[in-house]
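Down below is the structure, laid out as C-alpha cells.
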There are 2 protein chains.
Amino acid sequence: MGITKTEAFKAADLTLAAYAKALAHPARVAILRILLERSSCICGDIVDELPLSQSTVSQHLKELKEAGLIKGDIDGKKVCYCIDENAWKHAQLLMQKMFASYTSCGTSCC
Amino acid sequence: MGITKTEAFKAADLTLAAYAKALAHPARVAILRILLERSSCICGDIVDELPLSQSTVSQHLKELKEAGLIKGDIDGKKVCYCIDENAWKHAQLLMQKMFASYTSCGTSCC
DNA sequence: TTCTATCATCGTAATATTACAATAAGAAAG
DNA sequence: CTTTCTTATTGTAATATTACGATGATAGAA
C-alpha cells in the first residue's frame with residue numbers, strides 16, 4: 001500500500017531505517033559529501049554542483065533536514081547548511097553497531 | 001517523477017545509496033537483525049518473527065537479495081538465508097568512510 | 001519603493017514502494 | 001500420483017518519491 005506499518009516495529013529499527021532513508025538517494029549522498037568536504041558551512045551553491053533543478057535540490061535538503069542530519073541557518077539572503085553533529089554521530093553509532101554485529105556464518109550451507 | 005537521474009551521479013554515491021535503500025525500511029532492518037543474531041543460517045521462520053504477511057516478507061527478502069546484502073540457498077523444502085559477507089563488509093566500509101569523514105564545523109554559524 | 005538574488009513551497013505528472021490475498025512452483029511425505 | 005509444506009510471484013490498491021516549472025517569501029541593493 002505504500003504505507004509502512006510503523007507501529008509494528010522496534011524504535012531502534014525505525015530510527016535506523018529513517019537515517020538510512022535519508023541516505024537512500026544519490027543526490028542526498030552527494031549533498032552530504034559536499035557538506036563533508038568543507039570544514040565550514042556552505043552557503044548556497046549546492047545547486048550549482050548538482051545536475052538537478054533548484055526546487056529538486058531544495059526538496060532533498062528538506063528531507064535531510066527532517067531526518068536531522070543537516071541544519072540550515074539563514075544568513076541574510078542565503079542559507080548556511082552544515083552537518084548536524086549530534087544526529088550525524090547518532091546515525092554513525094547505529095550503523096556501526098549494526099554492521100559490527102556481524103560474525104561469519106559458522107555453518108557450511110553458505 | 002519517481003525516477004532517479006541515475007546517470008548523473010557518481011558511482012560511489014549510487015552504490016552507497018543502493019545499500020542505504022536496502023536499510024531504509026524497518027522490516028528489512030528487522031530481517032537483517034534476525035540474521036545477525038544467529039551465527040548460522042536461518043531457514044524460514046523469519047515470517048513468524050515479523051508482523052507482516054508471508055508475501056510481504058518475501059518481497060523484502062528479495063530486495064535485500066537484490067541489494068546483495070543477503071543470500072538465500074535452497075535446502076530441500078526450505079530456504080537458508082544468511083548475510084552475504086562480501087557485500088556486508090563493502091557496505092560497512094562505504095558507510096564508515098562516509099561517516100568518519102566528518103569534522104566539526106569550524107565556523108561559528110552553527 | 002522597486003528590483004534582484006536566494007531559497008522554499010505548491011502543483012502536477014511519472015514512477016516506485018508497500019502491503020496483502022491469491023496463486024504458482026518446488027520438494028518431500030504419504 | 002496426490003497431498004502438504006515452504007517460498008516465490010502475480011495482481012491490485014493505496015500511498016510515497018522524484019523531478020521540474022511556476023510561484024511565494026524574504027533580504028539586501030539600487
Side-chain angles (χ1 to χ4, degrees), chain A residues 1-9 13-14 17-31 34-35 41-67 70-82 109-110, chain B residues 1-9 13-14 17-31 34-35 41-67 70-82 109-110:
Chain A
M1 299 164 188
I3 193 168
T4 298
K5 280 193 161 180
T6 304
E7 72 288 352
F9 297 103
D13 291 355
L14 288 168
Y19 284 133
K21 199 171 190 176
L23 301 176
H25 193 288
R28 292 194 287 273
V29 173
I31 289 172
I34 291 171
L35 295 179
C41 291
I42 185 170
C43 291
D45 46 63
I46 296 174
V47 175
D48 302 331
E49 303 202 30
L50 295 176
L52 299 170
S53 74
Q54 182 266 326
S55 61
T56 303
V57 172
S58 186
Q59 203 174 294
H60 282 303
L61 286 165
K62 189 183 178 186
E63 282 174 67
L64 287 169
K65 256 187 277 182
E66 280 170 359
I70 68 170
K71 292 185 295 186
D73 287 328
I74 297 165
D75 175 30
K77 227 192 301 204
K78 297 196 162 194
V79 177
C80 240
Y81 289 107
C82 59
C109 65
C110 50
Chain B
M1 299 166 188
I3 193 168
T4 298
K5 279 194 162 180
T6 305
E7 72 289 352
F9 298 103
D13 290 357
L14 288 168
Y19 284 132
K21 199 172 191 177
L23 301 176
H25 193 287
R28 292 194 288 272
V29 173
I31 290 173
I34 291 171
L35 294 178
C41 291
I42 184 170
C43 292
D45 47 64
I46 296 174
V47 175
D48 303 331
E49 303 203 29
L50 294 177
L52 299 170
S53 74
Q54 183 266 324
S55 60
T56 303
V57 172
S58 185
Q59 202 174 293
H60 282 303
L61 285 166
K62 190 183 178 186
E63 282 174 67
L64 286 170
K65 255 187 279 182
E66 280 170 359
I70 69 171
K71 291 185 295 185
D73 288 328
I74 298 165
D75 174 29
K77 225 191 303 207
K78 298 196 163 191
V79 177
C80 238
Y81 290 107
C82 59
C109 64
C110 49

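This is a predicted model, so every value here is computed, not measured. First the proteins, then the strands, lettered A, B, ... as listed; each starts at 1.
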Next item on the list: Rounded to the nearest 0.5 Å, what's the gap from CG on B:Asp45 to CD1 on B:Ile34? Could you check?
Entry: 8.5 Å

Notebook entry, point to check: Within the structure, does a side-chain N or O atom of A:Lys77 lie under 4.0 Å from either OP1 or OP2 of D:dA25?
Noted result: no

Next item on the list: Quick one: pull up CG in A:Leu64 and CG in A:Leu23 and give me the separation to the nearest 0.5 Å.
Entry: 8.0 Å

Check: Heavy-atom distance under 4.5 Å between the side chains of B:Thr4 and B:Leu14, does that happen here?
Finding: no

Item checked: B:Leu52 vs B:Gly76, nearer the 5' end of DNA chain C by closest nucleotide -> B:Leu52

Next item on the list: Look at all strands and tell whether A:Gln59 reaches a base, only sugar-phosphate, or nothing, counting heavy atoms closer than 4.0 Å.
Entry: base

Notebook entry, point to check: Looking only at side-chain N and O atoms, does A:Ser58 come under 4.0 Å of OP1 or OP2 in C:dA8?
Noted result: yes

Check: What is the distance, rounded to the nearest whole Å, between atom CG of B:Asp75 and atom P of C:dG26?
Finding: 17 Å

Next item on the list: Would you indicate, yes or no, if C:dA16 has its OP1 or OP2 atom less than 4.0 angstrom from a side-chain nitrogen or oxygen of B:Lys21?
Entry: no

Checklist line | Position toward the 5' end of DNA chain D (nearest nucleotide), A:Ile74 or B:Lys62 | finding: B:Lys62

Note to self: With a 4.0 Å cutoff (strictly under), does any side-chain N or O of B:Tyr81 reach OP1 or OP2 of D:dA8?
What the structure shows: yes

Item checked: Any A:His60 side-chain nitrogen or oxygen under 4.0 Å from OP1 or OP2 of D:dT17 -> no

Next item on the list: Could you tell me the separation between the CZ atom of B:Arg28 and the C1' atom of C:dA16, rounded to a whole number of Å?
Entry: 12 Å

Note to self: Just the rounded figure in Å: distance from P of D:dT7 to CG of B:Asp48.
What the structure shows: 9 Å

Check: What pair of heavy atoms forms the shortest contact from B:His25 to A:Ala17, and how long is it?
Finding: C-CB, 3.7 Å

Item checked: Short side-chain N/O contact from B:Ser53 to OP1 or OP2 of C:dC20, under 4.0 Å -> yes

Check: Could a donor-acceptor pair under 3.5 angstrom be found where the side chain of A:Gln54 meets the base of C:dA8?
Finding: yes

Notebook entry, point to check: CG of B:Leu61 versus P of D:dA8: gap in Å, rounded?
Noted result: 6 Å

Return a table of donor-acceptor pairs under 3.5 angstrom between the side chains of residues 51-61 of chain A and protein atoms on other chains or two or more places apart.
unit_1  : atom_1 : unit_2  : atom_2 : d
A:Ser53 : OG     : A:Ser55 : OG     : 3.3
A:Ser53 : OG     : A:Thr56 : N      : 3.3
A:Ser53 : OG     : A:Thr56 : OG1    : 3.0
A:His60 : ND1    : A:Arg28 : NH1    : 2.9

Margin query: Check the phosphate of D:dC20 against A:Ser55, side-chain N and O only, distance under 4.0 Å to OP1 or OP2. Yes or no?
Written below: no

Check: So, is A:Lys78 near the phosphate of D:dG28, with a side-chain N or O under 4.0 Å from OP1 or OP2?
Finding: no

